[in-house]
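Report on the structure given below.
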Amino acid sequence: MKHSVHLILVFWATILMSCGGNPFHNGKNRRHLALMDSLVEADADSALRLMGQTQSGGWSRRDAMRLELLRAKAMNRADSLFTTDSLMLSVVKYYQRHGSRNDRMLSLYLLGCTYRDMGAAPRAIETWQKAVAEADTTRQDCDLSTLMRIHSQMNGLYTRQRLPEYAQQEIEIAEALCWKMKGTLNALIFEEKKCNILFSKGEYEECIQASNALYQRYLQYGYREEAKVVSIFSLKSYLAIGEYAKAKPYLDLYESYCLSLSDSRKLNGGLAPYYINKGNYYLGIGKMDSAEDCFRKALPDKSKRNNALLIYKGLYQTYSQQCRLDSALKYMSLYSEAKERDFYNSAAQATINAKNLYDYSVEQKISIEEQEKATLRIRYIYALIFIIAILLCCAMFIWNRMLKKDFVLQQEKDKLQSITQDLQDSKKLLTALYEEKERIKKSEGDALERIADLDSEMKRLIDKHYSEEAKRKSAEQERKALDTQLSAERERVEKYREELKALQNRISEQEEEIIRYQEERNRSERVLAMIPSMQRAKSMAESEIMARFIAVRNGESRVPLTDTDWQDLEDTITSIYPRFTGQINVNSLLTDTDYKICLLVKAQFCPKDIDVLMGWSIGYSSTVRRRLLEVVFNIKGGAAEFDRKIGLLQ
């Protein structure tokens, strides 16, 4: 009996060891997990490397689930993208049964982040709402930090979905949690996001009041640099409502902050927002040269955010007010292209959102009973009709834009024809004026001949006076008459001379007007000549291979360039510029790398982009391009001259 009791105890101890793991190892594993938990908060990248070296074999289910939860938390902190939800679903399922409220909230929050990275926005929102429902803010041990992050993530997702009302609600909750946790700086940052939402909604007066109040609060808590940053909302609001005098102090305040930074990359969007707002201020007060200078200084950062759209719009407005038609037409075209790209991106995002909503509703309705299938079919049809309606609206908008471009082109042609007709009329008028001038010259000659005849006649009469005293009185009268007639003829000659001078002045004015018409016609012809090159550049910029190279340049694609990519780039350039490849390949001294540099320059990549795409150090491409100028074109010069020569090849 005693031995049987011992055997039973050993049996149950073995079962407990197999289910719960070795107590010694469990204690060691949990100390290791506690260490990794604190490391995640301090350095997420180091925590991920440590977890990658951790072997979880033989761990209890509780410790293994805790390890996966910490791994997901570290990935989220390190901005690593989640690609699947299978593991997190297991973690959530485990903590729904065995975890505390904080554990359930954290697991649901990380699952929502997984759906966020997978592009399933509705599912992410629903999961985060479930996580919020798990929080009990009345308890002392409530994880307010995670709850604040959930509302912050929901704000970001609503902002990307262009739902400002919902985004504002979430940001107010996150701000209240920060004040509750005594996180002053984070709370003020959330208030700054509220100012951005008010500006995006067009509530400029409310935005000015909120940003001024936030400026005072930043100063109250000693954050002077952050206070200068928030002044941009008041600046943009006053510029939007046209009160430029009130915008000037905020412009000076924001300028002092931007110019005091040693590294402009700390600014969201670079220095372009500062120069854009300063250019809009100068544009509003009529200083066109200063506005042009500011917008051109913003051009290096045009690829960040939506800077290009604002820069091209500002330059177009500046040149329009300066009556520089060729430059205004150029930037109007660039602004239209940027506007179309923004519209295409918005339309694509709207289609993706609609698709996400559709896919999510399908997944949610799969488990409904058979009697609801008819209702599901109707909802599917409505969803498809909604998507088709969106696509039709996009197509109609694109078609309208194309018609508008054709209308503008026709107007330019009509204007050119009108200028040509005016030029022809001016030539006819000039011919008539020349004929009138010749007639006046001829009349002047006849008058001079008559004066000469009258002088001869007067001399003859005077001689006759001495010989015929009897006829003196009649001769004297005749002489007086001749004098009167002579004076009249001289006055007539003077009148003819004045008319000739007026006609000469008029001819000079007509000649100047003809020159102006010819210059206007030459400018219009240059604009029309630029249209094919602009269309080729547009075709090149909109090609798929350019999108591939740009993605590699911006770091959006981690897949390196392949020989196929280079061949596609060469084929695209050859299709647009048929003679380019033949002109480059004439020189057999080019290496494969040299030829790739020629392709990148023809594709209008800047030197910095070429260094990134070729994997060189900054500035090395300038040395190579100077060498290629002598190799390809047999001339010496700088890298910029090589770029210009390559750009002229067709």
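One is the number of the first residue; the rest follow in order along the sequence.
The number of heavy atoms from other shown groups lying within 6.0 Å of NZ (Lys201) is above 12. At most 12 heavy atoms of other shown residues, nucleotides or ligands fall within 6.0 angstrom of atom CD in Glu544. Heavy atoms of other residues, nucleotides or ligands lying less than 6.0 angstrom from NZ of Lys73 number more than 12.
No side-chain donor from either of Asn102 and Thr146 sits under 3.5 Å from a side-chain acceptor of the other. Residues Asp103 and Ser100 bring a donor and an acceptor atom of their side chains to less than 3.5 Å of each other. A donor-acceptor pair shorter than 3.5 Å cannot be found between the side chains of Gln169 and Tyr158. Using modelled atom types, one finds a donor on one side chain and an acceptor on the other under 3.5 Å when comparing Arg49 with Ser46. The closest side-chain donor-acceptor pair between Asp143 and Ser145, if any, does not fall under 3.5 angstrom.
By the 4.5 Å heavy-atom criterion applied to side chains, Gln96 and Leu108 are counted as neighbours. At least one side-chain heavy atom of Trp128 sits under 4.5 Å from a side-chain heavy atom of Leu157.
Aromatic rings from Phe199 and Tyr204 are positioned such that their centres are separated by under 6.0 Å.
Taking the six-membered ring where tryptophan is involved, the planes of Phe549 and Phe605 are tilted, since the angle between them lies from 30° to 60°.
Arg71 has a carboxylate O that lies under 4.0 Å from a charged side-chain N of Glu68, or vice versa, which qualifies the two as a salt bridge. The existence of a salt bridge linking Glu175 and Lys194 is confirmed by a sub-4.0 Å separation between a basic side-chain nitrogen and an acidic carboxylate oxygen.
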